[in-house]
Amino acid sequence: MATDKPVIVGNATGCLEVSTTVYPYTAWAVPWIHSAFENAAATITGVESAYRALRRKGIIKDEIRFAAFGGDGGTYDIGFQSLSGAIERGHQFVYVCLNNEAYMNTGIQRSGATWKGASTTTCPAGECIPGKKEYPKDLTKIIIAHELPYAAQASPHNWKDLIDKASKAFEIGGPAFINVVAPCPRGWRFDSAQTIQIARLAVETCIWPLYEYERGKWRLTGDSKRIAEGKKEKLPITDWLKSQGRFRHLLSDKWKHIVDEIQAEVDRKWEELRRLCAE
Amino acid sequence: MQTVAMNGDQAIAYAWKQINPDVVAAYPITPQTIIVEAFSEYVADGLVDTEFVCAESEHSALSLCIGAAAAGARTCTATASAGLAFMWEMLYIAASMRLPIVMAVANRALSGPINIHCDHSDAMGARDSGWLQMFSENAQEAYDNSIMAFKIAEHLDLRLPVMTNLDGFVTTHSLENLKLLEDEVVKGFVGEYKPIKPLLDYRNPVTYGPFDPPDFYFEHKYQQVAAMGRALKVIKQVSEDYAKTSGRYYDILEPYHVDDADFVVMAAGSTAGTLKGVVDELRAEGMKVGSLKLRVFRPFPANEIAKMLEGKKAVAILDRAVSFGAAGPIFPEVRSALYDSRDKPKLVNYIYGLGGRDVSMDELKSVYKALAKNQAELINYLGVRI
Ligand SMILES: Cc1ncc(C[n+]2csc(CCOP(=O)(O)OP(=O)(O)O)c2C)c(N)n1
Ligand code: SF4
């Protein structure tokens, strides 16, 4: 949908990879490669390098596009170096982070994308510790600091916005990055029928704003744009926390101050993003 | 045929230039760095039309090669020591995807403490990863092996990655006179690269590296075992073809005065060259000695070794690496190769040259003398202050 050119896909180890390629089957109707957990960017840019070489030699004539998918573990953490290196080198590929905010393929362990207060199997909520102690790193902004041509945050509930961003990313002529919120019923503890509704809540509470960065310009999109323009209500973060079992413990009086801190942080980041997008 | 002075690293870069690979991925590490530096100059001067990618690590360099080779490109890279260790996970993946990647390894000690000089602990650590491993005695052989490696890796009976090893500094940095082939001869020998099921053939999509459950994984490993089983024959055949082209023949094993020898010392890499000089001198003194060069370590030419060493009085295996808690890595394999021989020689192990410790001709002579006097222990350490 996002491109009419042929696409070759690279994949990091993770839920998407194991659930779509159980040998001898494959769910992929396009050329697809998975080599390891930490190197989806390096692997797909190897494919792209081969393409450039073979085009220069006249062996390949068609235009082809390249995409890589990684989970947040494979992107924020272990795969960060290879992604950063590939972007710095300017390969033409679209990197998509499917961000379910934890290492889901190996259970539900914390990652650099896990939100403060979330209970995971390696940062469980207990009597003394209310889940993860730290805020997630803002990877989208870190990637934008590479001054690549295109980066965006997207959500599956607004598929039109997502496809528009993917189309731009494919045609931008250099590295592009799309961070997609990917609610995980298993790890976030909610009924899978709610998946899209949960993704919508992420945007409506401004914990996951929709925006894009295109050659130096920041722009809010979709519901985030409407919230910024006052055309849509910004929901309180408690709506988001209440929707998922991983935050359930926060709703007791004991941890009210944590909820307040999370709200303050979401507000601060939202205002900062609004400023960037207004400039 | 042109004769020029080059070091081992430059010789490899020159071979690659003549081959003009599609993709070269690079990350610097001494004593390999000259290879990618020299190659980058060929790129800068437009002498090759390779896609040259300076990766941000060895791990990514090999990951890039995996992507490129799966895409259908002729691909190579180079590394050493910590770089090879950092690639460990990807070595297995390259081999299991049956990608004919060529990698030059400038053998260097592993940390710690950090040391940049020659030993074989890096290559030996990679021995079970499914790569073919060839060792070069000198820069000429490093050049020749680099050309042959592409043909071996890409052979339809194999499709396996190949590591061309050369001794750090000893071979990588010393200037030698070497005979180069003409560009056209190299191109003709290596031939056009024909990829199998490349990713770039998007009209016929393939899935590389799926999740392999227990009901298939073992069979896939067995296919790698079977391919390895065909490799010695292919290496021999390519080496014979190369001899026709170049006039230089390299066998899997290179015996030197072994036929009538009572005492033989075996080594891989540059020390195999030094041993020849030692053999000459000892023969002049009237000792019946010989040496055996191990050119191919993976696959391990066990039967060939057994045939050559059967009936000798004593044999010393030199290992420029140690397997802590066991012996040197080559020794037990040679010993096991001779287990079924009727006329087994006494076999001893010498661990030597770790971290670039020089090995002199006198020291090597002392090994022969210890063999002759039946004075060697089972495991010995040559040139270390104990
Ligand atoms: C080097 C390495 N370390 C650890 C693993 C185990 N492992 C496989 S997938 C995974 C977690 C994946 O999490 P993420 O990237 O967030 O993707 P998700 O499955 O959540 O979509 C881990 C830890 C591995 N395959 N390789
Ligand atoms: S529900 Fe969660 S754990 Fe299950 S496949 Fe999807 S992302 Fe992975």
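A, B, ... follow the sequence lines: proteins, then strands. Residue 1 opens every chain.
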Kindly indicate whether the side chain of [X], heavy atoms from C-beta on, has any atom under 4.5 Å from the side chain of [Y].
| X | Y | result |
| --- | --- | --- |
| B:Leu64 | A:Thr43 | no |
| B:Glu56 | A:Ser84 | no |
| B:Asp201 | A:Pro31 | no |
| B:Val23 | A:Glu48 | no |

For chain B, the option from A:Ala29, A:Gly85, A:Pro6 that forms the most heavy-atom pairs under 4.5 Å:
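Answer, by heavy-atom pair count under 4.5 Å with chain B: A:Pro6.
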Picking from A:Ile59, A:Ile44, A:Val22, which has the most non-hydrogen pairs under 4.5 angstrom with chain B?
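Result: the option with the highest number of such pairs is A:Val22.
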Nearest-0.5 Å distance that lies between atom NZ in A:Lys57 and atom CD in B:Glu51:
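So the gap between those two atoms works out to 10.0 Å.
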Under 3.5 Å, is there a donor-acceptor pair between the A:Gln81 and B:Ser57 side chains?
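Present: a donor and an acceptor within the cut-off.
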Examine the side chains of A:Asp62 and B:Tyr202 and answer whether a donor and an acceptor come within less than 3.5 Å of each other.
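Their side chains do contain a donor-acceptor pair, which is all the 3.5 Å distance test asks for.
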Which answer fits [X], side chain, backbone, both or neither, if we ask what part of it has an atom under 4.5 Å from a heavy atom of chain A?
| X | value |
| --- | --- |
| B:Leu200 | both |
| B:Pro198 | neither |
| B:Ala70 | side chain |
| B:Phe216 | side chain |
| B:Thr75 | neither |

Which heavy atom in [X] sits nearest to a heavy atom in [Y], and how many Å separate them?
| X | Y | result |
| --- | --- | --- |
| A:Ala36 | B:Glu89 | CB-OE2, 3.4 Å |
| A:Val47 | B:Gly67 | CG2-O, 3.3 Å |
| A:Ala50 | B:Ala68 | CB-O, 3.6 Å |
| A:Asn39 | B:Ser63 | ND2-OG, 2.8 Å |
| A:Ser35 | B:Met90 | OG-CE, 3.6 Å |
| A:Arg89 | B:Val53 | NE-CG1, 3.4 Å |

Please state whether the side chain, the backbone, both or neither of [X] comes within less than 4.5 Å of a heavy atom of chain B.
| X | answer |
| --- | --- |
| A:Asn11 | neither |
| A:Arg52 | both |
| A:Ile8 | side chain |
| A:Ala40 | neither |
| A:Val18 | both |
| A:Glu38 | side chain |

Interface residues of residues 63-73 of chain A facing chain B - heavy atom cut-off under 4.5 Å:
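The residues closer than 4.5 Å to chain B, in numerical order, are A:Ile64, A:Phe66.
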Please say whether more than 12 non-hydrogen atoms of neighbouring residues, nucleotides or ligands are located less than 6.0 Å from CD in B:Glu219.
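More than 12 within 6.0 Å, yes.
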Above 12 or not: heavy atoms from other molecules or residues under 6.0 Å from CD of A:Glu147?
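No, because the 6.0 Å sphere around CD of A:Glu147 holds 12 heavy atoms or fewer from other groups.
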Heavy-atom pairs under 4.5 Å with chain A: which of [options] has the most?
| options | result |
| --- | --- |
| B:Pro21, B:Cys65, B:Gly72, B:Cys54 | B:Cys54 |
| B:Asp215, B:Leu199, B:Ile93 | B:Leu199 |
| B:Arg74, B:Lys197, B:His59 | B:His59 |

For residues 178-186 of chain A, tabulate all N or O donor-acceptor pairs below 3.5 Å that involve a side-chain atom, not counting sequence neighbours.
residue  : atom : partner  : partner atom : Å
A:Asn179 : ND2  : A:Tyr76  : OH           : 3.0
A:Asn179 : ND2  : A:Thr140 : OG1          : 3.1

So, the side chain of A:Arg56 versus the backbone of B:Asp22: is there a donor-acceptor pair under 3.5 Å, distance only?
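Side chain of A:Arg56 to backbone of B:Asp22, a donor-acceptor pair under 3.5 Å: no, none is there.
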Any residue of residues 121-133 of chain B which, by heavy atoms, sits under 4.5 Å from chain A
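Heavy-atom contacts from residues 121-133 of chain B to chain A are absent.
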Heavy atoms under 4.5 Å from chain A: which residues of residues 203-212 of chain B carry them?
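The stretch touches chain A at B:Arg203, B:Pro205, B:Val206, B:Thr207, B:Tyr208, B:Gly209, B:Pro210, B:Phe211, B:Asp212.
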